[in-house]
*Asks:* 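First, the structure itself, so that you have it in front of you.
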Amino acid sequence: MKEGQGLVFDIQSFSVHDGPGSRTLVFLSGCPLRCQWCSNPEGLELRQRFLFSQAKCKYDKTNCKRCLKACPHGAISQNGDGKLHFDMAVCDTCQSHVCVDHCIYEAARLSGKWMTVDEVMKAILRDSQFWSQGGGVTFSGGEATLQKDFLLRLLRRCKESSVHRAIETTAHTSPKDFQEIFSFIDFALIDCKHMDSARHKEKTGVGNELILSNIATLANSGWKGRLVLRIPVIEGFNDDEANIMNVIGFMNANKLFEVNILPFHRLGDSKWSQLGRDYPYKAFEPTPKDTMRGIQDLFLDHGIACYVDEELA
Ligand code: SF4
Ligand code: SF4
């Protein structure tokens, strides 16, 4: 951790899928969950990760060897196949990452950047003049609440500047922190990955008790914001009727009337490989349209507005 700074692994301008209007997305590193289908694996840990992109590397085209000469640990090898090979176990624990400074093509790079609140606010306010009506900032991750103090300082500053504040969260955080953070939030997309705690733990590494309890407490607290549950639909995990009916029961019990269902996609594949890891869902096909339609119908039949994919009303 760096005193007074937060680790931000991406800032994206003009998103139209993560809250009302067009928005600036701020991705904070670190997450207590380990969802096997994660598409942002470089943001899972609260530290910078080393990534190597074979596609960006110019070794085969220009015989570039800048990193090879710079690495003090002998972690890069050539084996005659026209590619460089990084020993990712060594690179993952490397303290200097000196090769990154020598790679002008960003083939070798670090995820994330330690930033001050002022630096992040500058990026948000720079975008703000281009937001459409109702736009604002959305904090995402990773799990943004993991860097609670940094997030709260950003939220206070956004509130002072009258910036609309949204969050995408797993809700897996202490009830006290959750309540404090939500006192600054106008709009929330909260994940509901499985209603059965053992199944939830199997695929995400944690049970769902804390998550469901935080959602229920928020929904019944008189909080004035808008809450949309979000389900990443994973075939064979949470797409069965029994699970969806349990979500509907939970929503009805807590007077929640909006859900966003997201089909699985393989967008994380390249990042897993840049980290030198196998993507656990590499062989998985995108969720069939029929499955999405069936789930949407179930929600609609029970009086719950259901937005498919990235469309939010
Ligand atoms: S410095 Fe970058 S582009 Fe050059 S060989 Fe190394 S990784 Fe590839
Ligand atoms: S990350 Fe460190 S060990 Fe790996 S190639 Fe770069 S300098 Fe060498």
Side-chain angles (χ1 to χ4, degrees), residues 1-13 25-117 119-120 123 139-144 146-147 150-151 204-205 265-283:
M1 294 288 284
K2 297 203 177 179
E3 189 67 33
Q5 298 185 14
L7 185 57
V8 179
F9 72 93
D10 203 1
I11 296 181
Q12 292 175 7
S13 304
L25 296 189
V26 179
F27 294 84
L28 300 183
S29 294
C31 185
L33 274 65
R34 288 294 178 269
C35 304
Q36 293 181 5
W37 54 85
C38 180
S39 55
N40 291 324
E42 79 279 30
L44 285 175
E45 296 185 23
L46 190 40
R47 66 182 174 104
Q48 288 182 293
R49 304 293 305 277
F50 176 74
L51 298 121
F52 169 64
S53 165
Q54 198 71 254
K56 288 187 181 171
C57 179
K58 299 289 184 235
Y59 170 74
D60 56 341
K61 295 188 179 67
T62 67
N63 202 28
C64 172
K65 292 180 186 171
R66 295 166 65 97
C67 56
L68 194 65
K69 291 175 193 149
C71 175
H73 304 296
I76 309 170
S77 56
Q78 313 165 82
N79 67 4
D81 63 354
K83 297 176 183 171
L84 285 187
H85 297 270
F86 286 69
D87 184 337
M88 296 303 274
V90 176
C91 297
D92 193 43
T93 53
C94 174
Q95 296 296 314
S96 69
H97 296 119
V98 65
C99 61
V100 171
D101 298 330
H102 286 75
C103 181
I104 56 175
Y105 302 105
E106 295 189 348
R109 68 179 179 98
L110 288 175
S111 69
K113 190 175 163 193
W114 287 98
M115 297 178 78
T116 64
V117 169
E119 286 171 331
V120 179
F139 294 100
S140 188
E143 170 48 52
L146 202 76
Q147 298 190 61
F150 186 65
L151 175 62
T204 72
H265 54 66
R266 276 194 301 248
L267 291 182
D269 195 8
S270 141
K271 289 181 188 168
W272 282 91
S273 106
Q274 288 178 47
L275 287 165
R277 302 269 309 276
D278 286 332
Y279 185 27
Y281 273 64
K282 195 179 181 66

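Remember, predicted model here, so these are calculated numbers, not experimental data. Start at 1 and go down the list; that is how both ligands and their atoms are numbered.
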*Asks:* Donor-acceptor check, side chain of Arg66 to backbone of His102, threshold 3.5 angstrom: yes or no?
*Replies:*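 Side chain of Arg66 to backbone of His102: a pair is present.
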
*Asks:* Specify the protein heavy atom at minimum distance from atom 2 (Fe) of ligand 2: its residue, its atom name, and the distance to 0.1 Å.
*Replies:*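 Checked against all protein heavy atoms, atom 2 (Fe) of ligand 2 sits closest to Cys94 SG, 2.4 Å.
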
*Asks:* Considering only protein heavy atoms, which is closest to atom 8 (Fe) of ligand 1, and at what distance to one decimal place?
*Replies:*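 Looking only at protein heavy atoms, the one closest to atom 8 (Fe) of ligand 1 is Cys57 SG, 2.4 Å.
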
*Asks:* What part of Leu84, side chain, backbone, both or neither, has a heavy atom within less than 4.0 angstrom of ligand 1?
*Replies:*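 Within the 4.0 Å criterion, Leu84 contacts ligand 1 through side-chain atoms alone.
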
*Asks:* List ligand 2 atoms under 4.0 Å from Cys99, heavy atoms only on the residue side.
*Replies:*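 Answer, ordered by atom number: 1 (S), 5 (S), 6 (Fe), 7 (S).
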
*Asks:* Counting heavy atoms not belonging to Asp278, are there more than 12 under 6.0 Å from its CG?
*Replies:*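 Check fails, neighbour count at 12 or below.
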
*Asks:* Taking both backbone and side-chain atoms into account, decide whether Cys103 has an N/O/S atom under 2.8 Å from atom 2 (Fe) of ligand 1.
*Replies:*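 So Cys103 counts as coordinating atom 2 (Fe) of ligand 1, yes.
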
*Asks:* Between the main-chain N or O of Ser53 and the side-chain N or O of Gln274, is there a donor-acceptor pair closer than 3.5 Å?
*Replies:*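 No.
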
*Asks:* Just grab all the side-chain hydrogen bond (donor to acceptor under 3.5 Å, both in side chains) pairs involving residues 28-39, residues at least two apart or on different chains.
*Replies:*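 Non-adjacent pairs meeting side-chain hydrogen bond (donor to acceptor under 3.5 Å, both in side chains): zero.
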
*Asks:* Hey, which of Gln78, Lys83, Gln54 is the one that makes side-chain hydrogen bond (donor to acceptor under 3.5 Å, both in side chains) with Tyr59?
*Replies:*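 Considering Gln78, Lys83, Gln54, a side-chain hydrogen bond (donor to acceptor under 3.5 Å, both in side chains) with Tyr59 is found only for Gln78.
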
*Asks:* Under a 4.0 angstrom heavy-atom cut-off, which atoms of ligand 2 come close to Phe86?
*Replies:*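 Result: 5 (S).
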
*Asks:* For Lys58, take its heavy atoms, then give the atoms of ligand 1 lying under 4.0 Å from any of them.
*Replies:*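 Matching atoms, with element in brackets: 3 (S), 8 (Fe).
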
*Asks:* Would you compute the distance between atom CG of Asp92 and atom CZ of Phe86 and round it to the nearest 0.5 angstrom?
*Replies:*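 If we round to the nearest 0.5 Å, Asp92:CG and Phe86:CZ are 13.5 Å apart.
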
*Asks:* Given Leu51, which of Arg109, Lys56, Met88 fulfils the side-chain contact (heavy atoms from CB on, under 4.5 Å) condition?
*Replies:*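 So, applying the side-chain contact (heavy atoms from CB on, under 4.5 Å) to Leu51 and each of Arg109, Lys56, Met88, only Arg109 qualifies.
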
*Asks:* If you count the atoms of ligand 1 from 1 in the order shown, which ones are under 4.0 Å from a heavy atom of Phe52?
*Replies:*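 Counting atoms of ligand 1 from 1, those under 4.0 Å from Phe52 are 7 (S).
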
*Asks:* Quick one: look up the protein heavy atom nearest atom 1 (S) of ligand 2 and list residue, atom name and how far away it is.
*Replies:*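 Closest protein heavy atom to atom 1 (S) of ligand 2: His97 CD2, 3.5 Å.
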
*Asks:* Look at the N, O or S atoms of Cys71, main chain and side chain alike, and state whether any lies under 2.8 Å from atom 8 (Fe) of ligand 2.
*Replies:*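 An N, O or S atom of Cys71 is closer than 2.8 Å to atom 8 (Fe) of ligand 2, so yes.
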
*Asks:* Heavy atoms only: which of Ile76, Val98, Val100, Val90 is nearest to atom 7 (S) of ligand 2?
*Replies:*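 Answer by nearest heavy atom: Val98.
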
*Asks:* Using a strict cut-off of 4.0 Å, indicate which atoms of ligand 1 neighbour a heavy atom of Ala107.
*Replies:*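 Listed by number with element, the hits are 2 (Fe), 7 (S).
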
*Asks:* Identify the protein heavy atom lying closest to atom 4 (Fe) of ligand 1, giving its residue, its atom name and the separation to 0.1 Å.
*Replies:*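 It is Cys64 SG, 2.2 Å.
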
*Asks:* For atom 6 (Fe) of ligand 1, which protein heavy atom lies nearest, and how many Å away is it?
*Replies:*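 The closest heavy atom on the protein side is Cys67 SG, 2.3 Å.
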
*Asks:* Give, for atom CG of Leu7 and atom CG of Leu46, the distance between the pair rounded to the nearest 0.5 Å.
*Replies:*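 Reported value, rounded in 0.5 Å steps: 6.0 Å.
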
*Asks:* Counting only heavy atoms not in Arg277, do more than 12 sit closer than 6.0 Å to its CZ atom?
*Replies:*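 Atom CZ in Arg277 is not crowded, with 12 or fewer foreign heavy atoms closer than 6.0 Å.
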
*Asks:* Which atoms from ligand 1 have a heavy atom of Tyr105 less than 4.0 Å away?
*Replies:*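 Answer, ordered by atom number: 3 (S).
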
*Asks:* Set out, in order, the CA-CA distance, both residues' side-chain angles and the distance that settles side chain to side chain contact (heavy atoms under 4.5 Å, CB included) for Phe27 and Ile11, then state yes or no.
*Replies:* CA-CA 6 Å; Phe27 294 84; Ile11 296 181; over 6 Å; no

